[in-house]
Structure formats: C-alpha cells, structure tokens
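Note sheet for the following structure.
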Amino acid sequence: MVGAYARPVENHSVPHSTPRTAAFFDLDKTVIAKSSTLTFSKSFYQGGLINRRAVLRTAYAQFVYLVGGADHDQMERLRAYLSSLCRGWDVAQVREIVAETLHDLIDPIIYDEAASLIEEHHAAGRDVVIVSTSGAEVVEPIGELLGADRVVATRMVVGADGRFTGEIEYYAYGPTKAEAVRELAASEGYDLGRCYAYSDSATDVPMLESVGHPFAVNPDRALRREALARDWPVLSFNRPVPLKQRLPALSMPSRPVLAVAAAVGAAAATAGLVWYTSRRRTARERLARIARI
C-alpha cells in the first residue's frame, strides 16, 4: 500500500551503497513549531475556502495542540473536523494557495535544530523521509522545501470534479506510520536497525520502536514517560529560524548541495541540540554515535 503514498519529492537522491539507511521525521512540532495544516487556515480563508468562524475554530485548535499536544481522541476529533471542513474544496486551488504562501508561513517556523539534523543525515548518506498525519497537499511542498527525499502523508479522496469528497483514502497515523516505514524499508532496502526516527507524540511510538535509533523530540507527557522507560534519547528543539538565515543550501534544497553545506557547517549544526536522557548524553556523544553507524 505504501507505494501509492510514499511520494518522492523533487530532491533526488544520490546512489547509496547497501544496506541503505534513512531518517524518518514526524512533521508537526518535530520539524516545524506548529500544526502544518492549521497554519494555512488564514490563507484558506483569504482564498474563500473557509469562513471566519472556521478560522477562529482552527486558531483555537492550534492553541490546544501547541499547549497540550494531542492524544488519540483529540487527533480523531481533529481528523473528523478537517475532513468535514475540506469537503468540496478544489484541489488545484488548495495546492496553489499552499505554493503561494509556503515560504511566508512555513519557513519561519522550521526548527533550526531539525534542519541541522536533516543536513547531518544527508551528509551521512541517509535518506530523509517526512512521515506526517497532515494532508499530502500540504506535506509534499514542505518536504521539498526541507530537502526530504520522500514524503508519507494522509491522502483525501478526490472526486471526478477535482474536489475533495471529505473521505480519507489513506490515513498516516499511529500504527499506519509504522507500516509505511516497514514497507518503505522493504522497497528501498533500508536496514531499519540502523535507521533513525524522530517524533513529539506518543501516537508515534509504533514508528519510533520500528527503528534502531528512536528519538523523542519536544515530547508530550506520554512520550516522555515512554522515552525514559525505554532509555530513548530526548531532544529539545526551541529555535525556529527562517531557512534564508541559515546556510544557503537549504534555500534551494538539493541533495548534493546539502551534503556539502552539512560538511561545512557540522559544528554549528549541533550547537542547539539539548539532551535530557537519564544519562544526559552530550551532543559530541550523539555525533560520535551517528558516525559509528
């Protein structure tokens, strides 16, 4: 199933020696500081897709999501709400709005620490895969902006008229994310025991435990407890920095350029990572661990 949903983005990979490895990143509150879908609500309002009441409701949902995280029940309610909200939207118009506002809305909320990790993994020869519950129309352009090699995202059913029906074709959530990771590993030849995964939510525990190197990023309470119990490293990302203020490589994401930029900026790239595991590993130990794999 995953073959239909794990979309390669425009940043093409360079040849890998076997066995291949990858780093799997959740998106919201892991790579970017907000909900990717809810961030576009004002733009959708200006484009005539939603009304003012929906804007206020999504703003409240964004606040709740940022302050308290989202457990399974909250995610289900949000899924149902967004599915109903987007029914009848013209898909081409959605993609156009996202393309026009992507840099203004998403660029400023990308965590500097996450962008640095993406650089490091590319420099180490690993694919970078974004695995997100948000819709593909939003996630795929963000993945391209970040220089990701592949994207796994939720996909809505599109009718013959080119509009969303409100039904979900593929829901990238919870155990489904782990299934996507395993299927990608089988199709791409990834050695999961040597792969990495990053997420902020306990709903992504199945994805995290499917790889040899799981990391909890800005974890919710449930994931923090799980990480401490399993001795998973915990990272704190708190510095959203526009990509244009970083290395020039990330303003035009391409794999070879990213690799060169990562080599030049490796020392600066790790400065923002903070360890909170019981053993309080240092950033130097983390890089040494990556280098040995």
Side-chain angles (χ1 to χ4, degrees), residues 1-3 5-8 13-27 30-31 113-114 116-132 143 146-152 172-217 219 222-235 237 255 258-259 262 266 269-270 273 275-293:
M1 179 181 292
V2 72
Y5 307 107
R7 302 296 181 89
S13 303
V14 296
H16 290 261
S17 60
T18 56
R20 299 174 61 191
T21 56
F24 301 93
F25 286 83
D26 175 45
L27 182 60
T30 301
V31 175
E113 300 94 334
S116 297
L117 269 178
I118 290 173
E119 292 172 350
E120 292 174 19
H121 283 298
H122 271 155
R126 300 185 187 93
D127 285 354
V128 169
V129 183
I130 303 297
V131 187
S132 175
L146 292 166
D149 300 283
R150 288 183 177 275
V151 161
V152 176
Y173 172 75
T176 307
K177 284 189 176 184
E179 293 173 8
V181 167
R182 289 191 293 268
E183 292 186 23
L184 262 180
S187 64
E188 299 298 319
Y190 299 142
D191 180 354
L192 286 179
R194 300 175 61 196
C195 288
Y196 294 71
Y198 303 85
S199 178
D200 71 292
S201 174
T203 61
D204 283 339
V205 165
M207 179 179 76
L208 293 172
E209 65 186 5
S210 68
V211 302
H213 304 282
F215 291 79
V217 177
L223 180 57
R224 183 176 292 275
R225 288 195 300 267
E226 194 74 21
L228 292 176
R230 299 184 183 221
D231 197 28
W232 289 348
V234 177
L235 307 179
F237 292 174
R255 182 63 170 276
L258 276 170
T270 61
L273 291 179
W275 290 89
Y276 287 107
T277 63
S278 58
R279 296 179 183 178
R280 300 187 65 84
R281 299 178 179 89
T282 64
R284 180 176 299 176
E285 289 171 332
R286 177 177 60 79
L287 286 179
R289 183 181 178 187
I290 290 177
R292 289 196 300 268
I293 301 302

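Residue numbers start at 1 and run along the sequence shown. Predicted model, so just to flag it, every value in this text is computed and none were measured.
- When side chains are defined from C-beta on, Arg20 does not count as touching Asp191, because their heavy atoms never get closer than 4.5 Å.
- Between Arg150 and Asp127 there is no salt bridge, since no side-chain nitrogen of the basic residue lies less than 4.0 Å from a carboxylate oxygen of the acidic one.
- Shown here for Gly143 and Val151, the closest heavy-atom pair between the two residues is CA-CG2, 4.0 Å.
- Listed for the Arg126 side chain is no donor-acceptor partner under 3.5 Å among the backbone atoms of Cys195.
- Using modelled atom types, one finds a donor on one side chain and an acceptor on the other under 3.5 Å when comparing Asp149 with His122.
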side-chain contact (heavy atoms from CB on, under 4.5 Å) between Phe24 and Val211, intermediate numbers included | CA-CA 9 Å; Phe24 301 93; Val211 302; 4.2 Å; yes
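- Checking side-chain atoms of Ser187 against main-chain N and O of Glu183 turns up a donor-acceptor pair under 3.5 Å.
- Among Leu235, Asp200, Leu117, Asp204, the single residue meeting the side chain to side chain contact (heavy atoms under 4.5 Å, CB included) criterion with Thr30 is Asp200.
- Taking CG from Leu223 and CZ from Arg230, the interatomic distance works out to 9.5 Å, rounded to the nearest 0.5 Å.
- You'll find the ring centres of Tyr198 and His121 inside the 6.0 Å limit.
- The side-chain heavy atoms of Trp232 and Leu208, taken from C-beta on, include a pair separated by under 4.5 Å.
- Using a 4.5 Å cut-off on side-chain heavy atoms (C-beta onward), Val234 and Pro219 make contact.
- At least one side-chain heavy atom of Ser199 sits under 4.5 Å from a side-chain heavy atom of Met207.
- Residue Ala216 comes nearest to Ala227 through the heavy atom pair CB-CB, 4.0 Å, listed as atom of the first residue, atom of the second, then distance.
- Thr21 has its side chain out of reach of Tyr190: every pair of non-hydrogen atoms, C-beta onward, lies at least 4.5 Å apart.
- Closest approach of Arg194 and Pro19 over heavy atoms only: NH1-CG, 3.3 Å.
- Ring planes of Phe215 and Tyr196: parallel class, angle under 30° (limits at 30 and 60°).
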Chi angles and distances behind the side-chain contact (heavy atoms from CB on, under 4.5 Å) call for Val31, Phe237 | CA-CA 9 Å; Val31 175; Phe237 292 174; over 6 Å; no
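- For the side chain to side chain contact (heavy atoms under 4.5 Å, CB included) with Ile130, the qualifying choice from Asp26, Leu146, Val152 is Leu146, the only one to do so.
- With 3.5 Å as the limit, one finds a donor-acceptor pair spanning the side chains of Ser201 and Thr203.
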